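What follows is one structure encoded as structure tokens, with my remarks underneath.
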Amino acid sequence: MSTQVPWAEVLLEAIRHASVSLPSDIVAGLQRALGAETSDLARLHLETILENERVARENGLPLCQDTGTPVFFVRAGVESSWLAAVEPSLLDVVRRATDSIPLRPSAIDPFAGRNVGNVGRGVPVIDWDLVPGAEITITYVAKGGGSENASALLLVPPDGGEPGVLRAVLAHVVRVAPRACPPVIIGVGIGGTTDLALRLAKRALIRPLGAHHADPAVAAFEDRLLDAVNRSGIGPMGLGGSCTALAVHADFACRHPASLPVGVALQCWADRRITVRIAADGAAEVVE
Ligand code: SF4
């Protein structure tokens with residue numbers, strides 16, 4: 001048992017929980033999609049996904065053979081005395097989770113071609129965000145490889161405005177969504193620099209399902225894109241139906257006059273994520 005940090009056991013159990021079950025908002029979203037779906041084949045796929053989730057949860061088994069790349073979104077209070085302990089503790093917990101849940105070893109050294117488990121250079125992915133205060137919030141996401149392959153950076157003509165962004169993202173999503181294990185959640189990061197656009201897209205994915213951006217113009221974009229994607233008819237698992245995406249989460253940053261990068265990040269139906277909050281004294285709790 002790790003005694004390095006007081007939150008290690010809470011985080012390990014949180015990863016276990018996230019690996020064998022879906023968050024309640026995703027389950028509710030899948031149930032809503034099932035209720036609205038008219039295609040028999042699409043209904044069968046949604047029912048199978050929900051049954052798969054129930055069986056995995058009740059038996060404590062990973063709900064997909066692809067247990068994903070471990071990604072941590074860390075909102076770190078700059079006054080916390082635990083900052084230096086966060087990264088080593090995440091590596092330790094991922095090693096233990098890999099052995100005990102178990103998680104599929106999914107990190108490959110691209111030069112050696114060797115599987116290094118789930119901890120190696122750059123993995124787990126840790127996205128740091130420094131914020132005021134002494135609290136640390138860690139959101140764990142298991143990022144499936146199929147949906148990761150559908151992510152992209154689009155360089156949209158800067159004079160096209162919001163309609164140009166919508167057309168480019170829609171064309172990309174329609175092309176790749178069938179291979180991303182839909183229904184998907186679509187993260188879109190508009191503007192900034194190329195790296196920022198993708199980071200915004202990834203961070204948008206961890207919002208509660210369907211939580212609109214606070215800016216009404218961005219929220220309207222989210223609705224338009226979701227409607228357009230679901231009119232494509234791609235459907236659950238790409239075999240036809242009215243639910244290709246459960247939600248679109250968009251965010252934006254100001255851009256250079258000559259540049260309009262748009263990051264697109266897709267998450268599959270197996271949207272395994274969970275958040276742990278660490279107080280100033282190191283006490284930890286799971287938050288939805
Ligand atoms: S993309 Fe998602 S649902 Fe598809 S195999 Fe990977 S983890 Fe499983």
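Order of appearance sets the numbers: ligands from 1, and atoms from 1 within every ligand. Side chains included, hydrogens not; waters and symmetry mates left out as well; all remaining heavy atoms used. Note that this is a predicted model, so its numbers are computed, not measured.
In Arg272, the part holding a heavy atom less than 4.0 Å from any atom of ligand 1 is the side chain.
Residue contact annotation: Glu148 has no non-hydrogen atom under 4.0 Å from ligand 1.
Chaining together hydrophobic side chains whose heavy atoms lie under 4.5 Å apart places Leu196 alongside Leu200.
Here Arg96 pairs with Glu9 in a salt bridge; the nearest charged N to carboxylate O distance falls below 4.0 Å. Taking a cutoff of 4.0 Å between a charged side-chain nitrogen and a carboxylate oxygen, Asp25 and Arg273 qualify as a salt bridge.
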Using residues 206-215 as the side-chain source, report each donor-acceptor pair under 3.5 Å to any protein atom, sequence neighbours left out, with the distance given to one decimal.
residue	atom	partner	partner atom	Å
Arg207	NE	Ala211	O	3.2
Arg207	NH1	Ala250	O	3.0
Arg207	NH2	Ala211	O	3.0
Arg207	NH2	Glu222	OE2	2.7
His212	NE2	Asp223	OD1	2.7
His213	ND1	Asp215	N	2.9
His213	NE2	Asp251	OD1	2.9
Asp215	OD1	Ala217	N	2.8

List, one per line, each side-chain donor-acceptor pair under 3.5 Å for residues 161-185, sequence neighbours excluded.
residue	atom	partner	partner atom	Å
Glu162	OE2	Arg224	NE	3.3
Glu162	OE2	Arg224	NH2	2.6
His172	NE2	Ala150	O	2.7

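When each atom of ligand 1 is checked for a heavy atom of Gln65 under 4.0 Å away, the hits are 5 (S).
Less than 2.8 Å away from atom 4 (Fe) of ligand 1, the protein contributes these N/O/S atoms: Cys181 SG.
A distance-only check finds a donor-acceptor pair linking the side chain of Asn118 to the backbone of Arg104 [under 3.5 Å].
In this structure, Phe72 and Tyr140 have tilted ring planes: the angle between them lies in the 30° to 60° band.
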